[in-house]
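Notes to accompany the following structure.
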There are 2 protein chains.
Amino acid sequence: MSHELTDRQKLILNLVIHEYVQTAQPVGSQNLVERFSLDMSSATVRNEMVSLTESGLLRQPHTSAGRIPSEEGYRYFVSRLAGSAELPQTTQRTISHQFYQMRYDVEQWMRLAASVLAHQSRSASLVTAPHPEQARFKHMELISTRGRQVLMVLVTAGGEIHQSMLTLPEPVTQGRLSQVANHITELAQGCQIEALKGLRAKLDALEVDVLDLIVREIGQADALKAGEVYLDGLTNVLAEPEFSGSDEARRALKVLEERSMLEDLLARTVLMNDVGGVQVLIGGEGTWEDLRQVSIVLARYGSPGLATGTLGVLGPIRMPYGRAISTVRFVAGLLSDLVVDSLGG
Amino acid sequence: MSHELTDRQKLILNLVIHEYVQTAQPVGSQNLVERFSLDMSSATVRNEMVSLTESGLLRQPHTSAGRIPSEEGYRYFVSRLAGSAELPQTTQRTISHQFYQMRYDVEQWMRLAASVLAHQSRSASLVTAPHPEQARFKHMELISTRGRQVLMVLVTAGGEIHQSMLTLPEPVTQGRLSQVANHITELAQGCQIEALKGLRAKLDALEVDVLDLIVREIGQADALKAGEVYLDGLTNVLAEPEFSGSDEARRALKVLEERSMLEDLLARTVLMNDVGGVQVLIGGEGTWEDLRQVSIVLARYGSPGLATGTLGVLGPIRMPYGRAISTVRFVAGLLSDLVVDSLGG
DNA sequence: TTTAGCACTCTATGCCCTCGAGTGCTAAAA
DNA sequence: TTTTAGCACTCGAGGGCATAGAGTGCTAAA
């Protein structure tokens, strides 16, 4: 679908996004031709826009308005951006300098990282402190309760007990549940979250479902232990025109402020990922009602065996993704170095 | 002026404030009589309202609307409230418990304090970390520049140099300035901020002006050193109806987020005060443009010679002052105890 | 001194209208 | 076949206008 775009269509999609990110206004064909001195007529642009709209990459707010990028459009844009852009050298140096001229103090690093992210991306930023110990899986039980509802009891090496309800696609006997629990307990004995993810290949469908729940629970436990969350630039988001006169922004920022929501968010997204990669969550991805109007760029930093944390920015969907992604990636790299330097080899 | 209110006028003022704080709607006479089953007619209430409006304690948003409290009205209300209300015993215990069951960790205390303040008052909260060392005055110079403009150079015991411009009410010769500088230098040698304030009685008018500037400068230096600022509940403010569809809230919250603004605010208000007292700043008090639509309840905590910090809440002018003040006072007392227990005797 | 009665004021709300940016389509031009 | 000029059409933003209702201030009676 999306891969079959002509070069001209890609150009126009890029220009529409570029323009809309700046102006926050629907982009018209005429407007586009003039602004960029395009070598074609507005009618041609309109025709291309029709294709792009049919492909689902552009939207019309109403019949007689210009186009704005759809969430799908942003995703396509972001996917083609992957890894390409780097923060300007001078900016990199300025930021590095700030970190390295600081004494060794994790709290200061966190605050500085949050501040840098917020200022560079003009969005809200969040940084969680790195935490050295990851929970290790020790034991699990699955208990059939009623129909497809199953209670999972999870014990970690530290002795903490976690409970969670799981709804299966179809009823399963207690015998089968015990079998699954034993199988996973045997395989996953002593595993940290990273290792758990690697087990998926050895399991059947039902077991994979259970494993994902375990990963989420342990991830949440890790996030909890991570403790401190550093926020900055919340007011940047409020300054965006799309949020004047609605409480969409408040609801999104509340996710950052409330531990429980944030833990859920982090557990389900970035904790599933490896360190290094940058993850982009556009418009809540249909899952998070409160995040429908915003996008989040997240990355993990640190060193898996040693200590890891999460950082990212939150802004309107109409976000300058290039800059946001490169900033997040750069700061994550920087913090990773600092963590490794100070803790590890 | 305000002291000459009849009991009935005080009652009506209280009711109007009580009602307006809840509904955020101008309060009409009829409405008030019905809601509180008053033993008088709406016409009587209207007559009293006219008096209160003439006294400047109530306002009419427009000719044919109900009344809302003026800032003066809130001030009167708050002044008559001083010290009276206490947080319910059960609430006090709940909060204390949370603090005392925590291990000794200042950062955790700060976060918990910010969280408690935000939740109890449903406003934004701020807490600055206690810092043990206060700057000590060492030396000062006053240099006449042009007309009534005077440059003050201030040296603290640590060797930091602070400069600040001072505008005098009338021109003063360099000779007199030097005399003032010498006098203050002599008296204030080695003094911390608290001791400086005690010197006011020994000084003449001009010298008091200069001293206040010194106190502010040193206070700002202290605030700077204090470093960490903990915020919570910023989104609570955004949920207030008076802020939907304007960026007044954003501008006020920005004051909390931006170090420089916050330092200015704290230096000029609460740092002038003694530990223990709660200070209420209503509608920016005509000084802070960005705070025109909000009120702030602040207190210092800690022990003057040992370590002090600042905490408070920020909400709409239409704030439940009783609850806010008692919460701030209680948490300040609690943190003071913790600081004294852990650092001092 | 209090209260009923009443004319008056002003906002909020809904409706209608116009204006204009932008569209989609068609037919001609390249 | 592709591009473009031309044109009728659509729809939201925004201004003007009338209406409804809450609340006032004043006057005169209780």
Side-chain angles (χ1 to χ4, degrees), chain A residues 4-13 15-17 19-20 22-70 73 241-242 244-246, chain B residues 4-13 15-17 19-20 22-70 73 241-242 244-246:
Chain A
E4 300 158 13
L5 295 189
T6 65
D7 282 352
R8 195 166 65 186
Q9 285 172 334
K10 291 177 191 169
L11 171 68
I12 289 177
L13 176 60
L15 293 182
V16 169
I17 291 179
E19 191 66 6
Y20 182 67
Q22 285 197 337
T23 64
Q25 296 295 325
V27 183
S29 52
Q30 178 102 33
N31 192 326
L32 209 57
V33 171
E34 284 172 11
R35 175 85 68 158
F36 297 99
S37 313
L38 291 187
D39 205 16
M40 51 190 130
S41 77
S42 66
T44 308
V45 174
R46 276 202 293 284
N47 287 331
E48 296 292 30
M49 279 175 160
V50 170
S51 311
L52 287 167
T53 306
E54 281 166 357
S55 310
L57 300 174
L58 293 181
R59 290 196 302 123
Q60 272 183 298
H62 16 268
T63 318
S64 78
R67 300 309 209 284
I68 67 179
S70 69
E242 47 263 74
S244 75
S246 91
Chain B
E4 300 158 14
L5 294 189
T6 65
D7 281 353
R8 195 166 65 186
Q9 286 173 333
K10 290 178 192 169
L11 171 68
I12 289 177
L13 177 60
L15 292 181
V16 169
I17 291 179
E19 190 65 7
Y20 182 65
Q22 287 199 336
T23 64
Q25 295 296 325
V27 183
S29 51
Q30 179 102 33
N31 193 325
L32 209 57
V33 171
E34 284 173 11
R35 174 85 67 156
F36 296 100
S37 313
L38 291 187
D39 204 15
M40 52 190 131
S41 76
S42 65
T44 309
V45 175
R46 275 203 291 285
N47 288 330
E48 296 291 30
M49 280 176 161
V50 170
S51 311
L52 287 167
T53 306
E54 282 165 358
S55 309
L57 300 175
L58 292 182
R59 291 196 301 123
Q60 273 183 295
H62 17 266
T63 317
S64 77
R67 301 304 210 285
I68 66 179
S70 68
E242 48 263 73
S244 77
S246 90

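Note on naming: letters A, B, ... go to the chains in the order of the sequence lines (proteins, then strands), and numbering restarts at 1 for each one.
Taking CG of B:L52 as the start and CD of B:E54 as the end, the distance is 9.5 Å to the nearest 0.5 Å.
Of the possible polar contacts, one joining the B:S70 side chain to the B:L57 backbone as a donor-acceptor pair under 3.5 Å is found.
Taking atom CZ on B:R35 and atom P on D:dG23, their separation rounds to 11 Å, with Å as the unit. With rounding to whole Å, A:M49 atom CE is found 13 Å from C:dA21 atom C1'. Remark: P of C:dT1 and CD of B:Q9 are 12 Å apart, rounded to the nearest angstrom. Look at CG on A:L52: it is 12 Å from P on C:dT23, rounded to the nearest Å. Here C:dT1 presents its C1' atom at 14 Å from CG of B:D39, a figure rounded to the nearest Å. Rounded to a whole Å, the CG atom of B:L38 is 15 Å from the C1' atom of C:dT3. The distance from atom CD of B:E54 to atom C1' of D:dT24 is 14 Å, rounded to the nearest whole Å.
With DNA chain C read from its 5' end, the first of the two nearest nucleotides for B:M40 and A:Q30 is the one closest to B:M40. Comparing B:A43 and A:N47 by the nucleotide of DNA chain C that holds the closest heavy atom to each, the one mapping nearer the 5' end is B:A43.
The base-pairing partner of D:dT27, taking Watson-Crick or G-U wobble contacts with both distances under 3.5 Å, is C:dA4.
Within the 4.5 Å cutoff, the side chain of B:D7 has heavy atoms near those of the B:K10 side chain.
Counting heavy atoms of neighbouring residues, nucleotides and ligands inside a 6.0 Å radius, atom CD of B:Q60 exceeds 12 of them. The number of heavy atoms from other shown groups lying within 6.0 Å of CD (B:E242) is above 12.
No engagement by A:S42 is indicated, since no non-hydrogen atom pair under 4.0 Å with the nucleic acid exists.
When distances run from any side-chain atom of A:N31 to the nucleotides C:dT3, C:dG22, D:dT3, the shortest one goes to C:dG22. Closest to the B:R46 side chain, of the nucleotides D:dT24, C:dT2, C:dC25, is D:dT24.
For the side chain to side chain donor-acceptor pair (under 3.5 Å) with A:S29, the qualifying choice from A:R67, A:R46, A:E34 is A:R46, the only one to do so. Screening A:I68, A:V16, A:L58, A:N31 for a side chain to side chain contact (heavy atoms under 4.5 Å, CB included) involving A:P26 leaves a single residue, A:I68.
Contact annotation: B:T44 side-chain N/O to C:dT3 OP1/OP2 distance is under 4.0 Å.
Near DNA chain C, meaning a heavy atom under 4.0 Å away, the residues from residues 58-69 of chain A are A:Q60, A:T63, A:S64, A:A65, A:G66, A:R67.
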